[in-house]
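For reference, the structure is listed below as structure tokens.
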Amino acid sequence: MTKVGYFYTDCLVPMVGNNPYATGEENSLELSINAEVYSLPSKRLVVLQIRSPFIKNKYRPFCQTLLSWVKSSKCARVVLLSSSHAYQRDDEQLLGTPLRYLLTPDLEKAVGGLIKELNWKEMEKVAAYPGINDTEKVLHIPGGGITKMLFTESCSKGVQMAVLLKFCSEGDNIPDAFALVNYLNEWLQLIKSESNNSTDTSSQWKIPSSWRLLFGNGLPPALF
């Protein structure tokens, strides 16, 4: 995808770095910042990538700014890729696939039938007061950052949004990234899938060059 611009906001921790998608010397010196926009006109797809944490108490202003931009840009629908802490799942969430989805009411009307055909699992609601009142259920996405707020704001503002998320643990999250993007591809068919298994981590996707540095360099021989 081609970088087409930046999403300027004071809600994210400032950050600048090298091009994470460098393919050679000609583009290795490009700089990247904390929120950038990429486009793929052939798929009518625009991607906003966020690379730094939120500043405290800036969650809501960011959600409002983002949804305002979505509406002014006349985006047909929004797909939010996210995650949730695996260790905070309840008993029901421990069963089956670690992948979940949420649809706003407006998007449910448009694609609900197709999602049901995929046999996906909707994100379960959990007891608001466990052990005291198990009948009152609420949406809870621990570790999901702005996911819940952005979803509920989209519901109230009539934005067609889908949330696709995976229960993740700390550590090497590269397999989780593959699983989530394959999950997305089951629905949107961005590329021809080589496998029907959403957890397949085959090399059908182009891996960012920056992933080579994910865990730093190897141990220096001088240590031994």
Side-chain angles (χ1 to χ4, degrees), residues 1-83 102-104 106-107 110-111 144-166 173-174 176-178 180-185 187-191 204-214:
M1 299 182 74
T2 304
K3 182 163 67 177
V4 294
Y6 307 94
F7 190 79
Y8 180 74
T9 174
D10 63 354
C11 300
L12 296 169
V13 173
M15 183 225 90
V16 65
N18 293 105
N19 181 8
Y21 306 123
T23 54
E25 291 186 6
E26 67 281 356
N27 62 358
S28 63
L29 298 180
E30 293 178 9
L31 295 180
S32 61
I33 64 169
N34 53 12
E36 295 186 325
V37 182
Y38 297 82
S39 173
L40 187 64
S42 63
K43 296 287 187 180
R44 300 176 65 191
L45 183 67
V46 171
V47 169
L48 169 64
Q49 183 165 22
I50 299 172
R51 295 195 178 95
S52 72
F54 286 88
I55 294 173
K56 189 177 181 180
N57 299 325
K58 290 283 190 176
Y59 289 84
R60 191 170 297 280
F62 180 84
C63 290
Q64 292 170 346
T65 303
L66 177 58
L67 293 180
S68 176
W69 176 63
V70 164
K71 287 197 166 186
S72 64
S73 302
K74 294 182 170 57
C75 296
R77 60 187 55 156
V78 180
V79 181
L80 174 60
L81 302 183
S82 186
S83 64
L102 288 166
L103 300 178
T104 60
D106 288 78
L107 188 57
V111 302
I146 64 167
T147 302
K148 179 181 175 181
M149 182 178 292
L150 195 55
F151 178 73
T152 53
E153 288 281 320
S154 297
C155 289
S156 62
K157 294 182 184 299
V159 175
Q160 293 194 16
M161 173 179 282
V163 174
L164 307 187
L165 63 81
K166 185 178 187 295
N173 294 124
I174 289 177
D176 298 316
F178 277 118
L180 193 57
V181 77
N182 282 323
Y183 188 50
L184 172 71
N185 196 58
W187 172 27
L188 296 186
Q189 297 293 302
L190 299 174
I191 64 172
Q204 59 184 328
W205 301 100
K206 290 184 180 179
I207 298 173
S209 57
S210 57
W211 282 16
R212 297 196 308 268
L213 308 174
L214 201 57

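Side chains are part of it too, since the values below use all heavy atoms of this structure and drop only hydrogens, waters and symmetry mates.
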### Spatial distance of atom NZ (Lys148) from atom CG (Leu80) [nearest 0.5 Å]
14.5 Å

### Query
Checking side-chain contact (heavy atoms from CB on, under 4.5 Å) for the pair Trp187/Val79: CA distance, chi angles, key distance, verdict?
CA-CA 11 Å; Trp187 172 27; Val79 181; 3.9 Å; yes

### Message
Any heavy-atom pair between the side chains of Leu107 and Met161 that's under 4.5 Å?
### Response
no

### Query
Is there side-chain contact between Ser154 and Leu67, with heavy atoms separated by less than 4.5 Å?
yes

### Separation between CG of Leu45 and CG of Leu188, rounded to the nearest 0.5 Å
8.0 Å

### Query
Would a 4.5 Å heavy-atom cut-off, applied to side chains only, mark Val37 and Val47 as touching?
no

### Crowding at CD, Glu26 (>12 non-hydrogen neighbours, <6.0 Å)
yes

### Nearest non-hydrogen partners of Ser52 and Asn34, listed with the distance
OG-CB, 3.2 Å

### Message
So which atom in Ser82 and which in Gly144 form the shortest heavy-atom distance, rounded to 0.1 Å?
### Response
OG-O, 3.7 Å

### Task
State whether the side chain of Lys58 and the backbone N or O of Asp10 hold a donor-acceptor pair below 3.5 Å, judged by distance alone.
no

### Query
Hey, does the side chain of Thr104 reach the backbone of Val159 with a donor-acceptor pair shorter than 3.5 angstrom?
yes

### Query
Rounded to the nearest 0.5 Å, how far apart are CG of Leu102 and OG1 of Thr152?
10.5 Å

### Query
Is there side-chain contact between Gln204 and Asn182, with heavy atoms separated by less than 4.5 Å?
yes

### Query
Got a sec, which residues hit ring pair (Phe, Tyr, Trp, His ring centres under 6.0 Å) with Trp211, two or more places apart in sequence or on another chain?
none

### Summary
Value for OG1 (Thr65) from CZ (Arg60), rounded to nearest 0.5 Å, stands at 12.0 Å

### Query
Would you say the side-chain atoms of Ser72 pair up with the backbone N or O of Trp69, donor to acceptor, closer than 3.5 Å?
yes

#### Entry: Heavy-atom donor-acceptor pair, Ser209 side chain to Ala22 backbone, under 3.5 Å
yes

### Message
Quick one: does any side-chain atom of Asn185 pair with a main-chain N or O of Leu190 as donor and acceptor, under 3.5 Å?
### Response
yes

### Task
Over all heavy atoms of both residues, which pair between Ser32 and Lys3 is shortest? Give the atoms and the distance, please.
CA-NZ, 4.4 Å

### Task
To the nearest 0.5 Å, tell me how far Gln64 CD sits from Lys157 NZ.
6.0 Å

#### Entry: Phe54: partners by ring pair (Phe, Tyr, Trp, His ring centres under 6.0 Å), with sequence neighbours left out
Tyr59, Phe62

## Note on the structure
Heavy-atom closest pair (Thr9 atom, Leu12 atom, distance to 0.1 Å) is CG2-CD1, 3.8 Å

### Query
How long is the span from the OH atom in Tyr21 to the CD atom in Glu36, to the nearest 0.5 Å?
8.5 Å

### Task
Assess whether side-chain contact (heavy atoms from CB on, under 4.5 Å) is satisfied between Leu40 and Thr2, documenting all intermediate values.
CA-CA 7 Å; Leu40 187 64; Thr2 304; over 6 Å; no

### Task
List the atom of Ile146, the atom of Cys63, and the distance in Å for their closest heavy-atom pair.
CB-SG, 4.1 Å

### Query
Hey, does Trp205 have a side-chain heavy atom less than 4.5 Å from the side chain of Ile191?
yes

### Query
Would you call Pro20 and Gln49 a side-chain contact if the rule is heavy atoms closer than 4.5 Å?
no

### Task
Kindly say whether Leu165 contributes a backbone atom to a donor-acceptor pair with the side chain of Ser83 at under 3.5 angstrom?
no

